There are 2 protein chains.
Amino acid sequence: MADRPAGRRIPEATVTRLPLYYRALLECADRGTETVSSERLAELAGMNAAKVRKDLSYLGSYGTRGVGYEVEFLLGRISGELGLTQDWPVVIVGVGNLGQALANYHGFGARGFRVEALVDADPAKVGEQVGELAVESLDDLAEVVAERGIRIAIIATPAPAAQEVAGLLVAAGVASILNFAPTVVSVPDGVSLRKVDLATELQILSFYQAEQGNWSGRKGSKRAPGSSSPVIPEVAS
Amino acid sequence: MADRPAGRRIPEATVTRLPLYYRALLECADRGTETVSSERLAELAGMNAAKVRKDLSYLGSYGTRGVGYEVEFLLGRISGELGLTQDWPVVIVGVGNLGQALANYHGFGARGFRVEALVDADPAKVGEQVGELAVESLDDLAEVVAERGIRIAIIATPAPAAQEVAGLLVAAGVASILNFAPTVVSVPDGVSLRKVDLATELQILSFYQAEQGNWSGRKGSKRAPGSSSPVIPEVAS
DNA sequence: TGGACTTTGTGAACAAGTGCACAAGTCGGT
DNA sequence: ACCGACTTGTGCACTTGTTCACAAAGTCCA
């Protein structure tokens, strides 16, 4: 059993769900559970069992029929796939409200990421202490990134600065960017970019809100995304 | 021209993009542009023209061939669809790092939402002033929500509290929830839920990072999500 | 050993989303 | 009034994602 995953291509949709399974499995491990069925895992991750099985099957056949999946083993498998076997140093650019909150957010460290540097363009902020770190100058960005081997960056600047910062980051060698600025940022091929836009999320909710008002006769049960039955009308980010 | 959109069902994927077009159109309006082509709009929103046209066509036929779309008119159409013609009052539950940052984030107000109340379970925080608002007690949640007609809530509590808070919110009459707590929250049918999970986003980036390391021969150009050419390898949240 | 029961892994049907390509309008100039 | 340039709206083919449903594989107990 369990042949290597070989050159199996993992679908995009599955990749976005692996972190969910990972989190669910961590919970299991904490409670000392040794094995989980796809059904239980689905429940913990807010998903359905069939999807869980198919997703996991892309990693290889690591379950045991009649029993389920071995929690520790699967954790190892997923963290390997997600590249969480090492801690990734991360730089946050833009130390405003959001940047500071992210810097102090301790959910990162627990999950394979370590905020290693804070950078801001405002000279007044440079030198300021935030948590354990001192804010550094945007001018030193390239140096900071290179010296500490940073490959992942978070942009938390105002919108107008985001594109320029992204350019600097890419030039400095960053390969993955998480953008919180409410604007479109484009990066060259080979660089990954994801965005989180708070206003956008609220607007999407607002749409369904408004829709509900218009009781012009939609199928009442159809919730926003990927909802089923009473379980998890949760929308994938 | 321009028949009413009738009972046209707008696809989920399109809904998540409407806020992007909205933002792009606001930019156009600011610059005084009167009309935009689908191509220009695509560029501003980080999308491709065909998708823009198809998306907009779900709202009705509001473009003019040979010319493009009238900016002001389309803005009105989209804001109507997204329910942004009114300002929605929002409550933030959980006034930690993130909650405070969100409370002070002024990107909301500009886009149809108004943080109207801050609530926390910690008695030490209740009464504290954050920006213009005083933190209120979780015990008063139902009252706060009811009195101010709040229908949208943001959960920014630690993970363990999230599910309980969601329950309270729903009981109080909230119909849409944006969850920042890194845990699965489930809500009854009829309530919309979206989540934003920072660690998850980073882990997804990490996957592609790791993948790049394994130069075992993937098609080099395939970036994370929806990327094309040099333009916008941006991933939809 | 055998038989009842559980749970995986996956083929195949279905559903949703994307992108191409082009007919059908619209405009401005002559 | 006509022509050429431009841009929308959409049918269609294709890709991606989801769900069902069931054989295969394993456990447990007598």
Side-chain angles (χ1 to χ4, degrees), chain A residues 1-3 5-6 8-18 21 34-43 45-71 73-74 77 219 222 224-229 231-232 234-236, chain B residues 1-3 5-6 8-18 21 34-43 45-71 73-74 77 219 222 224-229 231-232 234-236:
Chain A
M1 69 199 92
D3 30 327
R8 199 103 73 147
R9 171 90 89 273
I10 301 180
E12 174 62 26
T14 297
V15 172
T16 65
R17 284 188 296 257
L18 288 181
Y21 302 143
E34 308 240 313
T35 61
V36 264
S37 65
S38 58
E39 186 139 15
R40 178 89 183 101
L41 194 48
E43 190 184 336
M47 200 94 315
N48 67 68
K51 212 187 283 185
V52 169
R53 289 202 299 277
K54 182 143 283 189
D55 282 343
L56 294 182
S57 80
Y58 290 116
L59 308 181
S61 295
Y62 296 122
T64 309
R65 299 174 188 221
V67 178
Y69 301 88
E70 202 187 323
V71 174
F73 183 76
L74 197 52
R77 208 56 208 71
K219 289 195 306 178
K222 243 314 187 201
S227 97
S228 64
S229 290
V231 202
I232 305 149
E234 190 144 353
V235 180
Chain B
M1 67 198 91
D3 31 327
R8 199 101 76 147
R9 170 87 91 275
I10 301 180
E12 175 61 24
T14 296
V15 172
T16 66
R17 284 188 298 258
L18 288 181
Y21 302 143
E34 307 240 311
T35 62
V36 264
S37 66
S38 58
E39 187 138 16
R40 178 87 183 103
L41 194 48
E43 192 185 335
M47 200 94 314
N48 68 66
K51 213 187 282 183
V52 170
R53 288 201 298 276
K54 184 148 286 189
D55 283 342
L56 294 182
S57 80
Y58 291 115
L59 308 183
S61 295
Y62 296 123
T64 309
R65 299 176 187 217
V67 178
Y69 301 88
E70 202 186 325
V71 174
F73 184 76
L74 197 51
R77 208 56 208 70
K219 289 195 306 179
K222 243 319 191 197
S227 96
S228 65
S229 291
V231 202
I232 306 148
E234 189 144 351
V235 181

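What you see is a predicted model, and the numbers here were worked out from it, not measured in a lab. Below, chains carry the letters A, B, ... as their sequence lines are ordered, and counting in each starts from 1.
- One atom, NZ of A:K54, and another, C1' of C:dA15, lie 14 Å apart when rounded to the nearest Å.
- At whole-Å resolution of the value, OH in B:Y21 and C1' in D:dT8 are 14 Å apart.
- Nearest nucleotide to the B:A13 side chain, out of D:dG17, C:dA24, C:dG17: C:dG17.
- What separates NZ of A:K51 from C1' of C:dT7 is a distance of 20 Å, to the nearest Å.
- Rounded to a whole Å, the CG atom of A:L56 is 14 Å from the P atom of D:dT18.
- Between A:R53 atom CZ and D:dA21 atom P there is a gap of 13 Å when expressed in whole angstrom units.
- Residue A:R65 contributes atom CZ, which lies 14 Å from atom P of C:dT7 at whole-angstrom precision.
- For B:Y69, a side-chain nitrogen or oxygen approaches OP1 or OP2 of D:dG9 to under 4.0 Å.
- Taken to the nearest 0.5 Å, the OH atom of A:Y69 stands 7.0 Å off from the CZ atom of A:R53.
- What separates CZ of A:R9 from P of D:dT15 is a distance of 14 Å, to the nearest Å.
- In terms of phosphate contacts, A:N48 brings a side-chain nitrogen or oxygen within less than 4.0 Å of OP1 or OP2 of D:dT19.
- The CG atom of A:N48 sits 11.5 Å away from atom CG of A:L41, with the distance rounded to the nearest 0.5 Å.
- The phosphate of C:dT26 (OP1 or OP2) has no side-chain N or O of B:T64 nearer than 4.0 angstrom.
- Note that the CG atom of B:L59 and the CG atom of B:L74 stand 7.0 Å from one another [nearest 0.5 Å].
- Residue whose closest nucleotide on DNA chain D sits further toward the 5' end, between A:D55 and A:G66: A:D55.
- In this structure, NZ on B:K51 lies 7.0 Å from OH on B:Y21, to the nearest 0.5 angstrom.
- Between A:R17 and D:dT18 there is a side-chain N or O to OP1 or OP2 distance below 4.0 Å.
- Residues that satisfy the salt bridge (Lys or Arg N to Asp or Glu O under 4.0 Å) test with B:R17, not counting sequence neighbours, are B:D55.
- As a whole-Å value, the separation of A:Y58 OH from C:dG9 P is 13 Å.
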